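As the structure is a computational prediction, the values presented were derived from the model and not from experiment. These numbers come from the heavy atoms of this one structure, side chains and all, not from hydrogens, waters or symmetry mates.
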Amino acid sequence: MSSARQNAIAAVTNYKPMEKPLDFSKTPSNELFGSNVFNENIMRARLPKSVYKALRRTIDFGEKLDVSVADAVAIAMRDWAIEKGATHYAHVFYPLTGLTAEKHDSFLEPDGKGGAMAEFSAKQLIQGEPDASSFPSGGIRATFEARGYTAWDVTSPAYILENPNGTTLCIPTAFCSWTGEALDKKTPLLRSMQVLNTQAQRLLKLFGQEVPEMVWATAGCEQEYFLIDRNFFFARPDLINAGRSLFGAKPPKGQEMEDQYFGAIPERVLAFMLEVERELYKLGVPVKTRHNEVAPAQYELAPVYENANVAADHQYLTMTVLQRVAQKYGMTCLLHEKPFAGINGSGKHLNWSLGTKSQNLLEPGATPHSNMQFLTFCAAVIRAVDKHAALLRASVAHAGNDHRLGANEAPPAIISIFLGDQLTEVFDQIAKGVNGKSKKPGHLTIGVDTLPPLPKDAGDRNRTSPFAFTGNKFEFRAVGSSQSVAGPLVILNTIMADSLDYVANELEAAAKADPKKLNVAVQKLIQKIIQDHGRIIFNGDNYSEAWHKEAAKRGLPNARNTVEAIPAGDYPESVKILERFNVLSKREFHSRNEIYLEKYVKDVTVEARLSFEIAKTKIFPAAVAYQSQLASASLALKSLGKEHCTTVLDELNGLVARLQDQMVNLDQVIHHAAKGDILDHAKHCRDDIVPAIAAVREVADALEGIVSDELWPLPTYQEMLFIK
């Protein structure tokens, strides 16, 4: 085979660990957890009692933070970080690139006497000023308007990020323009958390809580990913630049044996996982589960749920740690939704719920009173998802996810809710206004004045549903593996706030008219919600053609790709609720849609250029070289008067000619600039460039099955997925 592939395989098979094994007996995991986080224990130990209490009130109840409190926090944080070996601090923010960004500043400042001293003030903690001109703004900021600010997010703890040559104090921050408009993922997420709390507390007051606890959205974000050896990675320009393989014939064995899922974890991979967990423990990320996923070379990591804002920050950290630690073990972590064709891609299942310090508001209750509260919140979710399904779909739309959604590995693009048979039956009976009994376990009678207790996990799971109730939370399975979960969380929180506002308005009016009949009002309201929005509930096979037809009859939107999804989510009602709740202004919302469409165009254009380059400079030369070998052999045999078969040569000739034609076509569509706005360019990418890339690949993958293995220039799927 080619020398590049030989060298890669030799390096993989001769791999030796770069460092000594970790010794978990020296420092138990429970002692490691949060050791690099400026957390509750550190704050309680290092801050004056009055400062600590004031800071907790800000974190727990959203009270405004006093500057004098910030001064004390800054001093304690600086001293703690320096003791941990930090020389710099960084305001970490989350621009609309979908990645993290940071600017590092030294603690040291000249003392005017030829020396230096460590300084870190409240002003430096609270606010930074990175250049905003080079980050996506969707027209909000012109290039020459460069000023942007980072603002300390007191609700997300600062942490120490270790490096072989030192450490850095990292401070999670929001990022906005000089005009105060959001340029990041965190700012609207914090806004959505605030409005969700306000609306949820209104409902809790109706259910008897005179002074309701603060309500948070909670999230637990499962992360799927692929691992391949770095030697293979560096021999694949498509993986380096696009994150996915643009070429690759289906190997003789893929995932059809169904022996990968939950199988024994390879030793090298397990060593990597152990170090990932160790590093995440230090950063306070509550990692719980690890296992083999369905596809070869695919794995999953899952944390315990936590405050949604912190969970979003931890998700960024998780992706960073996965990629950094993989390098230490001679591997590359691929987070693209579909790095390999023909096998399962990767998602990031977002487990979402609402809760306070003392209760999960989506936990089925053990008493009629708590059950009534649960069913009301659950009905609000049903209304929210049905009214704003297009907006929710748009929140997960990007080029990578287009390769995954709708395949038999991920939910379809049609948003629906799975409730399970028992909960669905309860809602159906309420909607019909009749008494009845539920399915096992237990007999549930639907009365007028009370609602029945519901057992947790009373139904099966549905892995084809995009939005499934799983006992005490909803699992939004359509989020892509490379995505920030902040965007989907913003939409979930906001549409839920809108729905809770509607529910609270109705019940407050009913309670004012007759406080003794709240239960009756709740039942009537749930009945109306299910009658109006029950179409979104579907417990069957979301992959089936019958469901797609049924969904169309129900009027459920079906945006099959990013170019359909983003405009479909940009409708007047979306703008209205985002603006009404001060989550995103009309200008901010439209700017984001422009950014996401522009990113789609850039992603597809990069893939097209890569596809053309690899086809022309690697695959075509290999095919021609083999063509020359076969032609020479054919001429030699003919000159000797020997009979010979030219079937392979004939097939090869045809494929080489087709490859040239498809390369010419791809080159033309790349350079044929679409006219009009960004949506027109996106449509050109979807309708012309994406099919042209696929056409080149189809021929190239056929050639891989014919061209001599010694000439094929790219590591194959068989090698990348199975040689570990």
Would you say the ring centers of [X] and [Y] fall short of 6.0 Å from each other?
X      : Y      : answer
Phe135 : Phe93  : yes
Trp178 : Tyr149 : no
Phe175 : Tyr94  : no

### Message
Go through it in stages, so that I can follow the logic: the residues are Asp498 and Arg383, the test is side-chain contact (heavy atoms from CB on, under 4.5 Å), and I'd like the CA-CA distance, side-chain angles, deciding distance and then a yes or no.
### Response
CA-CA 10 Å; Asp498 172 66; Arg383 178 186 180 274; 3.5 Å; yes

## Note on the structure
Tested for side chain to side chain contact (heavy atoms under 4.5 Å, CB included) against Phe467, the lone hit among Ile536, Leu492, Leu419, Ile382 is Leu492

Give, for atom [atom1] of [X] and atom [atom2] of [Y], the distance between the pair rounded to the nearest 0.5 Å.
X      : Y      : atom1 : atom2 : answer
His91  : Trp152 : NE2   : CH2   : 9.5 Å
Leu391 : Asp570 : CG    : CG    : 9.0 Å
Ile42  : Met77  : CD1   : CE    : 11.0 Å
Glu222 : Ser346 : CD    : OG    : 12.0 Å
Leu203 : Leu361 : CG    : CG    : 8.5 Å
Phe476 : Ser465 : CZ    : OG    : 10.0 Å

Is [X] salt-bridged to [Y], going by a charged N under 4.0 Å from an acidic O?
X      : Y      : answer
Glu588 : Arg191 : yes
Arg587 : Glu181 : yes
Lys123 : Asp71  : no
Lys586 : Glu579 : no
Glu508 : Lys512 : no
Arg56  : Glu40  : yes

When you measure from the side chain of [X] to the backbone N and O of [Y], does any donor-acceptor pair fall under 3.5 Å?
X      : Y      : answer
Thr376 : Met372 : yes
Ser591 : Gly138 : no
Asn360 : Asn472 : yes
Thr198 : Gln194 : yes
Thr150 : Gly128 : yes
Asn351 : Gly220 : yes
Asn505 : Asp501 : yes
Ser499 : Ile495 : no
Ser481 : Lys348 : no

### Query
Ser395 and Gln483: side-chain contact (heavy atoms from CB on, under 4.5 Å), yes or no, with the steps?
CA-CA 10 Å; Ser395 73; Gln483 267 192 283; 6.0 Å; no

### Residue pair Leu489, Trp352: steps toward the side-chain contact (heavy atoms from CB on, under 4.5 Å) verdict
CA-CA 8 Å; Leu489 281 170; Trp352 174 85; 3.7 Å; yes

So, do [X] and [Y] sit near enough that their side-chain heavy atoms are less than 4.5 Å apart?
X      : Y      : result
Tyr89  : Glu102 : no
Val503 : Ile529 : yes
Pro303 : Gln223 : no

### Query
Are Leu317 and Glu279 close enough, and set up right, to give a side-chain contact (heavy atoms from CB on, under 4.5 Å), and what steps lead you there?
CA-CA 10 Å; Leu317 275 174; Glu279 294 306 308; over 6 Å; no

#### Entry: Test side chain to side chain donor-acceptor pair (under 3.5 Å) applied to Lys186 - qualifying residues, sequence neighbours left out
Asp153, Asn309, Asp313

#### Entry: Test ring-ring contact (aromatic ring centres under 6.0 Å, His included) applied to Phe474 and Phe377, Phe469, Tyr305, the passing residue
Phe469

### Task
With sequence neighbours excluded, give me every salt bridge (charged side-chain N to carboxylate O under 4.0 Å, His left out) pair touching residues 465-487.
Arg463-Glu475, Glu475-Arg477

### Message
Between Arg57 and Glu63, does the salt bridge (charged side-chain N to carboxylate O under 4.0 Å, His left out) criterion hold? Intermediate values first, please.
### Response
CA-CA 6 Å; Arg57 287 196 299 272; Glu63 290 186 10; 3.2 Å; yes

### Task
Determine, step by step, whether Phe538 and Phe418 satisfy the ring pair (Phe, Tyr, Trp, His ring centres under 6.0 Å) criterion, reporting the C-alpha distance in whole Å, the side-chain angles of both residues, the deciding distance to 0.1 Å, and the verdict.
CA-CA 5 Å; Phe538 178 66; Phe418 168 82; 9.3 Å; no

